[in-house]
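Heads up, the thing below is written out as structure tokens.
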Amino acid sequence: MTRKIFSFLAVGICICSLCSCSKPSQVEILSPDGQIKLNLSLNENGQPFYEVTVKDSLFITRSALGLTAKQEINLSEGFEIEKTVSDSKDEIWEQPWGENKTNRNHYNEMAIHLKNREKVRLTLRFRLFDDGIGFRYEYDIPSTDSLLITDELTAFNFRQEGISWSIPASAETYELLYRKLPLSEVETANTPFTLKMANGMYASIHEAALYDFPEMTLRQQGNGAFKAELIPYPDGIKAHKANRFTTPWRTLQIVPEAVGLINSALILNLNEPCALASTEWIHPLKYIGVWWGMHLGVETWKMDERHGATTANAKKYIDFAAANQIQGVLFEGWNAGWESWGSSQNFDFTKPCADFDIDEVVRYAKEKGVVIIGHHETGGNIPNYERQLDKAMQWYADRNIRYVKTGYAGSFPYGLSHHGQYGVNHYQRVVETAARYRMMVDAHEPIKDTGIRRTWPNMMTREGARGMEWNAWSEGNPPAHHVTLPFTRLLAGPMDYTPGVFDILFLKTRHSPRRKKWNELDQRNSRVNTTLAKQLANWVILYSPMQMASDLIENYQGHPAFQFFRDFDPDCDRSEALAGEPGEFIAIVRKAGEKYFLGASTNEEARTISIKLDFLKSGKQYKAVIYADGEIADWKSNPTDYTITEQTVTAEDTLTVRMAAGGGQAISFTPLTPL
Ligand code: NOJ
Ligand code: CA
């Protein structure tokens, strides 16, 4: 509390020191701990610029702010500061599911009210947290009804050189390989855009609460200066807005250690509280699915002699789930329309295939205590999906199917983009429609996560990066990918990566006579590029409240290492990234009830790290089951060598975690006596 009062005074002092004239042209704000300072000033044309200082050293040099419109209205210049309103907050709030059910929202706010000659009112709202900043534009333009936004001028001009991890900007996909590049060599980037600066600080640019606006990407302007780029409509217009609107928050996390990026709640904190009247129907779960067989080419989505989603196969998967403490089963390729995938994309979301008796599958699943995860592949045909959306959600809800995986594998119509304003609004419409039917969503080929799960907690998880599927039919995801994702894509939110392939080299399917197509698998020598222990570790590391064991169930049958998934609980209360460096290694622990799960993994390099167990409850003994790389494990030459050992541990202990090249380690901790 003392700290809070001090911070508030600090904001006040900063502003007053610059307010000697009636209309100040610059103002300042400090983070609660006083380490981050933001300065806002107007140039001679009345355009706002900001600057960020971290521990008295300049971090972001004078960087532009503002939007532009097609209409003859100046949205970025001619401004004067009318008034500045300060505020601060220090609250604890809760969400129905992890990574952390309890979060602290502690910031100082400065709302700078600007007005220009054309009576455009702009409030620039800045929030400074101890781990970064967020700001957004709130426009009110009396002289017009609607606006065509043509550009966003927001810049991020880094003072120092650094190295960065990112995927290139794309209006259509995030399923791209990450690049590690000097800041000055990045031409375009999508966000989260993660950096390590020359002074050792880590940073990440992203956005929060993306609604009714195109996504923001970044373009290099030279010397580590980046400018926001909004994904356009086909005619070049970026956004259609009414005369009063608020943009998403632009975020910049700034922390001394890489794991601080992961442990930050900044993006969630900038989202609005839960919009749903009740959330008791929203639950994390573990799932398996009729899925991997299609990607490997031994089964098909469309109804033919190799059809995956048959009633008989469904029952096999339901039996396996029921016997292995897995709550859900996903069925892809269950409905009419797969014959048109890649052409007209006319899926019917209420018409099951003739060999998939959904009512019998639902009945059987209920009898076994298993839930079904439905699937809506749209192929990108949004008008077709939106026409059926309500009916399709109602149809599942009527059958008590409460989870739906969506997919957008295909182009949107009329040249519209996945990541433009049209796409953003479509994805949101699905989330809100689903909420009305008490349905939870797992979106593939989604719009990127910007923390909207705080407001819409039925938006459980999404893909939005290269997931497991890429290993089935391409050169695959390299070992560094899984230790880059936690510091990039996963800063945005949970990911449905679908880890857990045990038949790493596809030995059981590669030469199967059922595999008629996808023979690129052989040409590219596709496989999973990790050790087996790293597959287990990824269940912990690559957080998803809906966590899948993605392999064919026959590859888990009788496999000792599958016990880890049986014991695993994705409904975690608390998470902490303990150690790691982007692209190199990571160690994360998650607490679920009284159990803890630790996942550690490495890139192509073998390494050994020490992990203090001080996250455990002190004075208690735990049984640690350690799933480690075997002596001769190596992702390339010997990926399936692993060991399982047990140890009694306490919070006083330190574990030596040895990881093979491309390997990892997964540990479950269960209290030995009731707590
Ligand atoms: C791409 C999704 O990422 C994948 O999970 C799904 O199986 C296919 N589309 C088909 O819907
Ligand atoms: Ca995909």
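FYI, side chains are in, hydrogens and waters are out, and symmetry mates aren't considered; it's all heavy atoms of this structure. When a ligand or atom number is given, it counts from 1 through the structure's own listing order.
- Ranking protein heavy atoms by distance to atom 9 (N) of ligand 1, first place goes to Glu377 OE1, 3.6 Å.
- With a heavy-atom cut-off of 4.0 Å, Trp470 does not touch ligand 1 at all.
- A side-chain donor from one of Gln535 and Thr530 sits under 3.5 Å from a side-chain acceptor of the other.
- Among protein heavy atoms, the minimum distance from atom 5 (O) of ligand 1 is reached at Lys405 NZ, 2.7 Å.
- Expressed to the nearest 10°, the angle at the Ca ion (ligand 2) joining OE2 in Glu175 with OE2 in Glu463 is 90°.
- Here the protein heavy atom with the shortest distance to atom 1 (C) of ligand 1 is Glu445 OE2, 3.0 Å.
- A donor atom on one side chain and an acceptor atom on the other are not found under 3.5 Å apart for His482 and Asn477.
- The side-chain heavy atoms of Asp442 and Leu330, taken from C-beta on, include no pair separated by under 4.5 Å.
- A donor atom on one side chain and an acceptor atom on the other are not found under 3.5 Å apart for Glu445 and Thr173.
- Using bins of under 30°, 30° to 60° and over 60° for the plane-to-plane angle, the ring pair Phe502/Tyr556 lands in the perpendicular bin.
- Protein heavy atom at the shortest distance from atom 4 (C) of ligand 1 is Glu469 OE1, 3.2 Å.
- Our summary of the site lists the angle at the Ca ion (ligand 2) between OE2 of Glu469 and OE2 of Glu445 as 150°, to the nearest 10 degrees.
- In this structure, a donor-acceptor pair under 3.5 Å is present between the side chains of Tyr287 and Asp496.
- Heavy-atom proximity to His375, at under 4.0 Å, picks out these atoms of ligand 1: 11 (O).
- Distances below 4.0 Å separate heavy atoms of Trp341 from the following atoms of ligand 1: 10 (C).
- The shortest contact between atom 3 (O) of ligand 1 and any protein heavy atom is with His444 ND1, 2.7 Å.
- At a 4.0 Å heavy-atom cut-off, ligand 1 touches Glu332 through the side chain alone.
- With a 4.0 Å heavy-atom cut-off, ligand 1 is reached by no atom of Tyr408.
- Every atom of ligand 1 is numbered from 1 in the order shown, and the set under 4.0 Å from a heavy atom of Trp291 is 4 (C), 5 (O), 6 (C), 7 (O).
- Gln253 and Ser264 share a side-chain donor-acceptor pair at under 3.5 Å.
- Taking the six-membered ring where the residue is Trp, Phe349 and Phe347 present parallel rings, their angle staying beneath 30° rather than reaching 60°.
- Taking the centre of each ring, Trp334 and His376 stay at or above the 6.0 Å mark.
- Looking only at atom types and distance, the side chain of Tyr174 has a donor-acceptor partner in the side chain of Glu215 under 3.5 Å away.
- Interface atoms of ligand 1 facing Glu463, defined by a heavy-atom separation under 4.0 Å, are 3 (O).
- Within ligand 1, counting atoms from 1 as listed, the ones closer than 4.0 Å to a heavy atom of Trp338 are 10 (C), 11 (O).
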